[in-house]
Structures are given as C-alpha cells and as structure tokens.
Asks: 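Take this structure first; my questions come after.
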Amino acid sequence: MPELPEVEVTRRSLAEVITGARIEAVRLGKPLRWPLGCAPSILVGQHMVALRRRGKYLLIDLDKGLLLLHLGMSGSLRFIRDQAPPGVHDHVDLVTSKGVLRLHDPRRFGALVYAANEDDAVAQKLLGGLGMEPLSETFTEAALLAGLKASRAPVKQVLLAGRLVVGVGNIYASEALFLAGIRPTVAGNLIGPIRARRLHAAIKTVLARAVELGGSTLRDFSNADGMAGHFQHEANVYGRAGAPCHRCGRAVQMIRQGQRSSYFCPGCQRP
DNA sequence: CTAACCTCCTGTTCGC
DNA sequence: TGCGAACAGGAGGTTA
C-alpha cells in the first residue's frame with residue numbers, strides 16, 4: 001500500500017524523466033476515485049514543470065495548473081518508452097514527448113485530479129487539512145507532543161488520520177510505534193514528552209529507512225522503473241501476528257483499531 | 001468539534 | 001478441488 005515512502009520513491013524515480021515533458025495525449029480507462037475535473041484537452045500541449053509530493057499526493061506542476069495524483073492502495077506509476085498497449089488495470093496514460101506516464105491501479109482507489117492552482121477549492125479540499133511533513137524541519141518533537149496532547153484517540157489512529165502528521169499509513173504506524181516502544185492503543189493525550197520524543201525519532205527513522213529501501217512491496221508496488229521495494233523484509237511487527245518478536249521473542253499480536261489491523265509486541269511496547 | 005462507521009474496488013485468502 | 005465469503009486498506013463522506 002503506497003504510504004509516504006512509496007510515494008516518495010515514485011517521485012524520485014520519475015522527477016527527472018518527466019520534467020519538461022510535453023503532454024501530447026491523455027488516455028483514460030475505467031473511472032478512478034474521482035473524475036479528472038477538466039477536459040483532457042486542457043492538459044494537451046502543457047509541459048510538466050516539476051514533480052512534488054505532499055503527504056501521499058504527488059503534485060505534477062504544469063504550465064498552467066497542476067495535477068494531484070494519489071495512488072490509493074494499489075496504485076503504481078510507470079514511465080514507459082515503448083507503445084505497449086494498456087492492460088486491464090491501466091487507467092491513465094499521459095502520453096508525453098518523452099514517454100508514457102502510466103497509472104496502474106487494480107482497485108481504483110487512486111485518483112488523478114486537475115486543479116487550476118494550489119489554492120483553489122479543488123486542491124484545498126484534498127490538501128488543506130493535511131498535517132506536518134514528517135521528513136521536514138517543521139515536524140518537531142514539540143509539535144508532535146502538542147498534537148498528541150490534543151487527542152484522546154489511540155495514538156495509532158492519530159497517526160493514521162493524517163491531520164497531525166502525513167504519510168504514515170498502516171504499515172509504518174505499526175513499525176514506528178514498535179521502535180518507540182509504545183502500544184498502539186495508548187491515548188494520544190497520555191503520551192508524555194519522553195515517549196513523544198521517541199515516537200518522533202521512530203517515525204523519521206522508519207520512513208527514511210523505507211525510502212532508502214525503495215519502499216515496501218507487499219504485493220505489486222514498484223517505482224517508475226518497475227523496481228520493487230525491500231522494506232517489508234525489515235518489518236518488526238507488521239504482518240507478523242503470532243510470530244516471535246525479533247527483540248524479545250514474545251508473540252506479536254494483532255488487534256483491530258478503527259476497522260484496521262494493528263500489530264504490536266506486548267513485551268516491547270508499553271500500554 | 002470528535003469519533004465511529006461506511007464506502008469505493010478487486011485480487012487473494014479462508015472455510016467448508 | 002471448487003466456490004462463495006471474508007479480508008485487505010487510503011481517506012473522504014456520513015452519521016451520531
């Protein structure tokens with residue numbers, strides 16, 4: 001599932017090749033989560049000026065306006081230079097002067113949305129409520145602590161909500177909480193400065209390491225060059241219910257929180 | 001306002 | 001072995 005590391009890995013593998021590419025045609029397959037929001041002809045003739053990331057969104061800056069692209073939970077982007085025909089799950093082709101940017105997304109939770117600018121209603125609805133970027137300087141221990149103090153919800157769900165800090169999805173929330181020694185059920189407002197400090201460091205460590213390893217490929221994620229990620233081999237708890245903790249040997253537990261599975265080690269993570 | 005639940009979708013896994 | 005049911009989950013939307 002694309003979380004911050006997978007989106008960032010995609011961005012890095014794509015930024016150089018698509019910058020300066022001129023869109024020559026737009027091919028749309030089955031509908032995605034939201035409609036494009038403009039006539040495809042608006043895009044044709046425009047150049048891709050830059051590729052940025054905000055949370056789990058990729059922002060493709062155009063000469064005029066920008067495209068917001070989300071990978072949902074099964075999406076991946078490829079940049080292909082041949083004219084291979086789209087497969088059943090290839091739902092967007094942006095044919096450019098340098099190659100074809102192709103969105104592959106079997107479950108179609110992803111989206112590609114045009115916005116006239118970053119401040120307009122369309123963009124603000126999607127980006128406006130997003131929290132801090134965890135790998136940036138704005139994400140500080142103090143800000144994390146303050147945000148946690150403001151919520152009585154379980155810390156795992158505060159992380160997943162994305163209003164305090166973005167990009168931490170189900171895999172990396174469980175992994176960060178393991179590194180921090182905090183059980184996912186602990187209420188945000190019960191986390192003090194010491195644990196907030198550990199969690200802050202753990203989030204940065206986990207996400208940076210995952211980016212380094214090309215993300216996690218649980219099923220079929222790959223970067224724009226088709227290369228898989230390897231972080232899943234370093235997971236301490238995610239997907240390891242019943243298996244012995246790498247640190248203490250006790251069985252990793254799985255629980256449900258907000259319709260999502262959470263994994264933790266009852267020995268290493270304190271309530 | 002928050003928090004719990006629902007919804008979209010399809011490939012994979014599970015139980016009988 | 002086959003088949004339907006359950007499951008996985010990002011995140012906006014709805015409801016209480």
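Remember, predicted model here, so these are calculated numbers, not experimental data. Each chain gets a letter, A, B and so on, in the order its sequence line appears, and its residues count up from 1.
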Asks: Does R256(A) make a side-chain N or O approach to OP1 or OP2 of dA8(C) shorter than 4.0 Å?
Replies: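 Answer is yes, contact under 4.0 Å.
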Asks: Could you state the CD-C1' distance from E3(A) to dA11(C), rounded to the nearest angstrom?
Replies: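 Checked: the CD to C1' distance equals 13 Å.
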Asks: Phosphate oxygens OP1/OP2 of dA8(C): is one of them under 4.0 Å from a side-chain N or O of Y238(A)?
Replies: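 Indeed not, no polar side-chain atom of Y238(A) lies that close.
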Asks: Heavy atoms only, 4.0 Å cut-off, all strands: where does S151(A) land among base, sugar-phosphate and nothing?
Replies: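 The answer is sugar-phosphate, as S151(A) gets under 4.0 Å only of primed atoms, P, OP1 or OP2.
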Asks: OP1, OP2 of dG11(B) versus side-chain N and O of H89(A): anything below 4.0 Å?
Replies: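 The answer is yes; a side-chain N or O of H89(A) sits under 4.0 Å from OP1 or OP2.
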Asks: Which part of the nucleic acid, if any, lies within reach of Y172(A) when heavy atoms closer than 4.0 Å are counted: base, sugar-phosphate only, or nothing?
Replies: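 Result for Y172(A) = nothing.
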Asks: What do you reckon, is CZ of R197(A) surrounded by more than 12 foreign heavy atoms closer than 6.0 Å?
Replies: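 Counting other residues, nucleotides and ligands, CZ of R197(A) stays at 12 neighbours or fewer.
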Asks: In this structure, how many angstroms lie between the P atom of dA4(B) and the NZ atom of K156(A), rounded?
Replies: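 It works out to 13 Å between those atoms.
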Asks: Salt bridge or not for R54(A) and E133(A), using N-O below 4.0 Å?
Replies: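 A salt bridge links R54(A) with E133(A).
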Asks: From CZ of R33(A) over to C1' of dC6(B), roughly how many Å is that when rounded to an integer?
Replies: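 Whole-Å distance recorded here is 12 Å.
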Asks: So, D63(A) and H47(A): side-chain donor and acceptor under 3.5 Å apart, yes or no?
Replies: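 Looking only at side-chain atoms, H47(A) and D63(A) do form a donor-acceptor pair, the distance falling under 3.5 Å.
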Asks: Rounded to whole angstroms, how far apart are CG on N170(A) and C1' on dC7(C)?
Replies: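 About 13 Å, once rounded to whole Å.
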Asks: Go through the N and O atoms of the side chain of R107(A) and the base of dG10(C), and report whether any donor-acceptor pair is under 3.5 Å.
Replies: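 For R107(A), whose side chain was compared with the base of dG10(C), there is no donor-acceptor pair (under 3.5 Å).
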Asks: Would you compute the distance between atom OG1 of T185(A) and atom CD of Q269(A) and round it to the nearest 0.5 angstrom?
Replies: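 The CD atom of Q269(A) is 9.0 Å from OG1 of T185(A), to the nearest 0.5 Å.
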Asks: Q259(A) CD to dG13(C) P: how many Å, rounded?
Replies: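 Roughly 19 Å, once rounded to whole Å.
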Asks: Across the strands shown, which category fits G169(A) at heavy-atom distances under 4.0 angstrom: base, sugar-phosphate, nothing?
Replies: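 Touches nothing.
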Asks: Quick one: label R108(A) by what it contacts on the DNA or RNA (base, sugar-phosphate, nothing), any heavy atom closer than 4.0 Å.
Replies: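 Sugar-phosphate, backbone atoms only, no base.
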Asks: Answer yes if the ring centres of Y172(A) and Y238(A) are under 6.0 angstrom apart, and no otherwise.
Replies: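 Between Y238(A) and Y172(A), which both carry aromatic rings, the centre distance is not below 6.0 Å.
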Asks: So which nucleotide from dG12(C), dA11(C), dA3(B) ends up closest to the side chain of W34(A)?
Replies: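 Minimum distance to the W34(A) side chain belongs to dG12(C).
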Asks: What do you reckon, do F109(A) and the base of dA11(C) stack, with centroid distance below 5.5 Å and planes below 30°?
Replies: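 Not stacked by the 5.5 Å and 30° rule.
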Asks: When you get a sec, tell me which of dA4(B), dA8(C), dG10(C) is the closest nucleotide to the side chain of Q157(A)?
Replies: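 Taking heavy atoms from C-beta onward, the closest nucleotide is dA4(B).
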Asks: Can you see if the side chain of K125(A) gets near the phosphate of dG13(C) - specifically, an N or O under 4.0 Å from OP1 or OP2?
Replies: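 So the side-chain polar atoms of K125(A) do come within 4.0 Å of the phosphate oxygens OP1 or OP2 of dG13(C), strictly under.
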